Protein chains: 2
Amino acid sequence: MMEHAQEALFRPVRAGNAFEETVERLMQAIRLGVVAPGERLPSERDLATRLGVSRVTVREAIRSLQENDYVESRRGRYGGTFVNEVIPKPAPGKEFGDIHDALTLRKVLETGAAEAAAGRSLGPAERRGLRARLEEASTASVGEYRRKDSRLHLAIAEATGSAALTAAVADSRMRVNELLDTIPLLEPNLAHSNAQHERIITSILDGDPASARQAMAEHLDGTASLLRGFLV
Amino acid sequence: MMEHAQEALFRPVRAGNAFEETVERLMQAIRLGVVAPGERLPSERDLATRLGVSRVTVREAIRSLQENDYVESRRGRYGGTFVNEVIPKPAPGKEFGDIHDALTLRKVLETGAAEAAAGRSLGPAERRGLRARLEEASTASVGEYRRKDSRLHLAIAEATGSAALTAAVADSRMRVNELLDTIPLLEPNLAHSNAQHERIITSILDGDPASARQAMAEHLDGTASLLRGFLV
DNA sequence: CTCCAAAGGTATGTCAGCGAGCCATTGGCG
DNA sequence: CGCCAATGGCTCGCTGACATACCTTTGGAG
């Protein structure tokens with residue numbers, strides 16, 4: 001009993017070395033669609049400052065992304081590092097240590113975010129942003145769906161106004177996406193998913209927290225049972 | 001809009017250097033009551049392994065705790081590093097950058113945890129553990145209340161069976177406790193708090209998720225408005 | 001057409017943190 | 001009574017990461 005709490009508190013202070021964590025972050029930005037294909041990453045110097053890491057480390061991380069064709073770099077003014085169109089799947093050799101863990105945290109965070117977002121008075125810019133992400137997700141092709149979907153869910157987290165919550169959702173989503181990437185994405189699921197998104201966003205924009213939570217819960221339960229089914 | 005998501009993703013990869021983060025973790029274990037006064041911390045070698053940090057770094061962290069009278073070390077077999085009774089308050093020079101942020105995340109995590117815990121079928125050991133923590137909190141003196149309170153809330157998180165959620169709750173609590181430490185702890189609040197704890201635990205043990213969430217939400221709203229009141 | 005700002009590319013000296021090993025102390029076990 | 005296992009205490013060389021500085025490329029502004 002006591003021991004479990006100690007496990008949580010005495011977990012490793014570092015998830016990996018600076019290089020690995022930097023790669024992880026850049027991957028997140030790309031996989032979650034925060035920087036879309038064709039768009040430019042912040043400059044190396046900028047990234048180094050923001051990530052609290054030396055430029056050398058940022059460059060090593062970017063190099064590793066280049067070698068896997070995630071990005072391309074161009075020199076000169078108005079150059080930079082650009083996200084490629086085709087995103088190769090990483091090797092699937094994943095260990096599904098604790099699906100329950102990942103799904104539990106996701107449900108808590110995202111239903112909570114939906115409720116909190118609905119309970120806030122959103123500005124016009126935020127409302128427009130949410131509708132835009134919804135539209136993007138609903139018109140996305142199968143290939144770009146996961147990315148657009150993540151952008152929408154991230155936008156909901158952002159709408160809570162809590163940076164820490166947004167960061168937590170991003171991490172959680174990354175973890176669950178790694179699992180989702182190993183199972184097929186089917187058209188019917190996609191249509192169903194879009195309908196649910198519609199309900200969630202409507203509830204949030206209407207300022208109905210209970211309904212937003214409920215809609216998000218149903219949405220997440222869908223993919224959760226899909227996952228559990230495929231990964232028995 | 002897009003920029004806010006980038007802020008979350010391109011946040012610093014390291015919260016501080018290894019030494020600082022190690023101190024932070026050990027402080028958490030003590031302040032949250034995971035290792036109670038008089039009890040022994042894991043051995044330096046053990047901590048180094050678990051925290052993923054060199055023994056040298058662990059020792060530096062422990063030394064810094066010794067200098068502030070948080071712990072004492074004894075050599076020899078059956079020696080170790082022991083938590084002191086009196087816990088000096090740290091200097092209060094805190095910057096309340098974003099109370100909203102901390103409180104939003106806490107509410108999401110802890111109401112979610114209460115609901116998830118109530119939705120699970122708990123083993124006898126877990127049920128006993130929850131009752132024990134409840135009892136400890138309800139009989140705690142003012143001096144030890146915050147610690148016992150945190151232990152109870154952590155136990156609820158543990159009861160979800162999600163390590164990631166437990167870790168997230170621990171971090172969030174630490175953040176909020178830093179704020180709470182700057183305002184007085186009054187007897188009436190304490191009694192009220194105990195009554196709410198009772199409701200929360202009862203709901204969880206009865207397997208009533210909606211009620212557990214509701215009770216936890218009310219409980220948290222209490223301290224939240226208290227905080228907002230004091231820190232206007 | 002020239003200049004230059006802003007981006008990626010490169011090199012170097014410094015230091016925190018690590019690994020590994022050894023020492024010193026202590027109290028129970030044989 | 002002596003041994004010895006487990007703990008804290010200490011040292012030293014190695015490596016990853018950093019800060020800083022400079023070089024190269026590029027395309028728009030003047």
Side-chain angles (χ1 to χ4, degrees), chain A residues 6 10-27 29-30 35 38-84, chain B residues 3 6 10-27 29-30 35 37-84:
Chain A
Q6 290 206 1
F10 296 144
R11 85 200 110 103
V13 294
R14 305 265 149 119
N17 57 34
F19 164 74
E20 287 167 346
E21 291 201 48
T22 303
V23 171
E24 190 62 25
R25 285 296 182 77
L26 298 180
M27 285 282 287
I30 296 171
V35 182
E39 289 186 348
R40 216 196 64 179
L41 289 175
S43 77
E44 294 177 354
R45 288 169 176 83
D46 189 7
L47 280 175
T49 306
R50 294 212 231 174
L51 296 175
V53 119
S54 80
R55 211 185 131 205
V56 180
T57 304
V58 170
R59 299 200 76 256
E60 283 170 355
I62 287 178
R63 175 122 69 94
S64 126
L65 293 184
Q66 287 168 348
E67 283 165 2
N68 292 99
D69 278 327
Y70 282 92
V71 299
E72 274 174 12
S73 294
R74 292 201 289 275
R75 294 225 262 184
R77 189 168 191 176
Y78 305 96
T81 300
F82 297 83
V83 176
N84 280 337
Chain B
E3 294 68 28
Q6 290 206 1
F10 296 144
R11 84 200 110 105
V13 294
R14 304 267 151 116
N17 57 35
F19 164 74
E20 288 167 346
E21 290 201 49
T22 303
V23 171
E24 190 61 24
R25 285 296 181 78
L26 298 180
M27 284 282 289
I30 296 170
V35 181
E39 288 187 349
R40 217 196 64 179
L41 289 175
S43 76
E44 295 177 352
R45 290 169 175 83
D46 189 8
L47 279 175
T49 307
R50 294 212 231 174
L51 296 175
V53 119
S54 82
R55 212 187 129 205
V56 181
T57 304
V58 170
R59 300 200 76 257
E60 282 169 357
I62 287 179
R63 176 122 68 93
S64 127
L65 292 184
Q66 287 169 347
E67 284 164 2
N68 291 295
D69 279 326
Y70 282 92
V71 298
E72 273 173 12
S73 295
R74 291 201 289 276
R75 293 223 263 184
R77 189 167 190 178
Y78 305 97
T81 299
F82 297 82
V83 176
N84 280 338

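A, B, ... follow the sequence lines: proteins, then strands. Residue 1 opens every chain. Values in this document were obtained by computation on a predicted structure and should not be read as measured data.
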Q) Distance-only, no hydrogens or angles: does the B:Glu21 side chain make a donor-acceptor pair with backbone N or O of B:Ala18 under 3.5 Å? A) no

query = Does B:Glu60 offer a backbone N or O that forms a donor-acceptor pair with the side chain of B:Ser64 under 3.5 Å?
reply = no

Phosphate OP1/OP2 of D:dA6: any B:Ser43 side-chain N/O under 4.0 Å:
no

Side chains of B:Gln66 and B:Ser73: donor-acceptor distance under 3.5 Å anywhere? yes

*When all nucleic acid strands are considered with a 4.0 Å heavy-atom cut-off, which category describes A:Arg45: base, sugar-phosphate, or nothing?*
base

Exercise for review: Would you indicate what A:Arg63 reaches in the nucleic acid, counting non-hydrogen atoms under 4.0 angstrom: base, sugar-phosphate, or nothing?
Suggested key: nothing

- Find out whether the Lys NZ or Arg CZ of B:Arg25 is both under 6.0 angstrom from the six-membered ring centre of A:Phe10 and within 45° of the ring's axis. no

Before giving the answer on side chain to side chain contact (heavy atoms under 4.5 Å, CB included), spell out for B:Ile30 and B:Val71 the whole-Å C-alpha distance, their side-chain angles and the decisive distance to 0.1 Å. CA-CA 9 Å; B:Ile30 296 170; B:Val71 298; 3.8 Å; yes

Sort me out a list of protein N/O and nucleotides 26-30 of chain D N/O pairs below 3.5 Å, or just none if empty.
| from | atom 1 | to | atom 2 | distance (Å) |
| --- | --- | --- | --- | --- |
| D:dT26 | O2 | A:Arg77 | N | 2.9 |

Between [Y] and [X], is there a side-chain heavy-atom distance shorter than 4.5 Å?
{"X": "B:Leu51", "Y": "B:Thr57", "result": "no"}
{"X": "B:Arg14", "Y": "A:Val53", "result": "no"}
{"X": "B:Asn84", "Y": "B:Glu72", "result": "yes"}
{"X": "B:Ile62", "Y": "B:Arg59", "result": "no"}
{"X": "A:Phe82", "Y": "A:Arg74", "result": "yes"}

Overall bend of the helix from C:dC1-D:dG30 to C:dG30-D:dC1 (five pairs an end, 10° steps) is 0°

Separation of D:dG9 atom C1' from B:Leu47 atom CG, nearest Å, is 16 Å

Each nucleotide of nucleotides 10-17 of chain C classed B (base within 4.0 Å of a protein heavy atom), S (only sugar-phosphate) or -, in 5' to 3' order, makes B------S

